[in-house]
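When a ligand or atom number is given, it counts from 1 through the structure's own listing order.
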Amino acid sequence: MSGIHDLKLRGGRVFQHGAGLQDLDIVVAGGVISGLVAPGTPVRAAEEVDITGKVVLPGGIDPHVHLGKDIRVPRDPDDASLETASAVAGGITTMLVYLMSADPYEGVFAASDATMAGNSHTDYGFHFVLGTDEQVSQIPAYVSELGVPSFKFFMNFRGDEGKYLGLPGNDDAYMYGLLGKAAEAGAVVNPHPENIELVWKLRDQPRDDSIPPLEAWYRSRPPVVEAEAVQRVAYFASVTGASVYAVHTSSKAALDAMRMQRNAYPNLFTETCTQYLTLTTDSDCGTYGKVNPPVRHREDVEELWEGLRSGAVDTVGSDHNARHRTAKEKDIWSASAGFPGTGLVLPTTVGEGLRRGIELERLVDATSTRAAQLFGLFPRKGTIRVGSDADLAVVDLNATTTVRAETQYSAAEYSPWEGMEIPLRIVHTIVRGHFAYRDGVLSTTPTGTYLSRTHGGAAALAEIRKEFA
Ligand SMILES: [Zn+2]
């Protein structure tokens, strides 16, 4: 190791794919990992930090985040600074943020990037939510010019359902066209799978106020609503050759549908979110826990953990948004859906996953590596190796964290997990060599930068195979 490096992390146990935790010192120069060396190897570094007894994981990647007070786009500096602070406090070093607009994305992208730059503690990329024909026709340009190869659309936005977000209604023919166009462009499609026609029928049923709020919400959007839509979009994917990444999978039924389709067609990927691994309709969080799809029952939670163990579930995201407390403190029918949670993805998945005896390799995949691979960020992100970005979560597996809204930074001012104890503590979060979060203290200088990407889904996996062939 020649020359002077910027940083040396000494004494930690470092996660290496295929080899588990290894005693290695990590050396960083210019924001990338410049060396992984045997403990005690003499290396000259401007700063040396002792992390004896701690474990170093690839920085978390939250593939599912919404920013902005109306959850469409980040507009104000604090939309970026507070929510990304929440992320780095939880070991997240990269987030992929959904932008939602019916306008052409060139302008939306530029404005959102300008808000993030200088305010984001994490590195960030964008997914675009598509709603118009003009946007679909621009998919190739969005990939090649803006570096966005991942697109969401809401299968449930029929008629006026998307009006509250300014998005027009769509139908299966729109979805079919979008999937084909994305496949041609080497992009991945992230559908929000819910059959709204079933929901319309169910929500017209007379309301029974004796049913607890989260259970009532569940019954208005039961698993069949999600599972049918997953099944439909997966089938259309197989016909069009598209890659489909089912976001926020919440139920055993939806996971079963995805597994069945994946037997016949491989380019299908599954995300779940922290809430579906931890909360049920019996949880003590009232309307703070309202979200779409709804939190489910114990058997669904257990099945999703089994999916994580087996690999049927690829990734864990948060579906984070900063909906304010006042939008949630209402009856279940009028409360807003969604809540903050990006800071809990890594601690909960890894902490609780290890407690359940799931292999660390699988948990690292789900919280970092797999998202990097599927969204065109690997091997720059998602792994600890020489030449990769020095994005690191330094964790203490022998300590615990208690969730407190007042220390989660988010503008939301509540957490559905208030008081929950997690068997893991985030010690430092390092973003390209910079301590974004150090010993419980947030950096005053956000250094996050935009991540331009070229491929998504199966096309991104093919790029990785080429590189390592
Ligand atoms: Zn979402």
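With 2.8 Å as the limit, H66 counts as an N, O or S neighbour of the Zn ion (ligand 1).
Between H127 and F375, the two ring planes are perpendicular [angle over 60°; tilted spans 30° to 60°].
The N, O or S atom of H64 lying closest to the Zn ion (ligand 1) is NE2. D319 contributes atom OD1 as its closest N/O/S atom to the Zn ion (ligand 1).
Looking only at atom types and distance, the side chain of H64 has a donor-acceptor partner in the side chain of E271 under 3.5 Å away. A donor-acceptor pair shorter than 3.5 Å can be found between the side chains of D113 and Y124.
Here the side chain of Q135 pairs a donor or acceptor atom with the backbone of S101 at under 3.5 angstrom.
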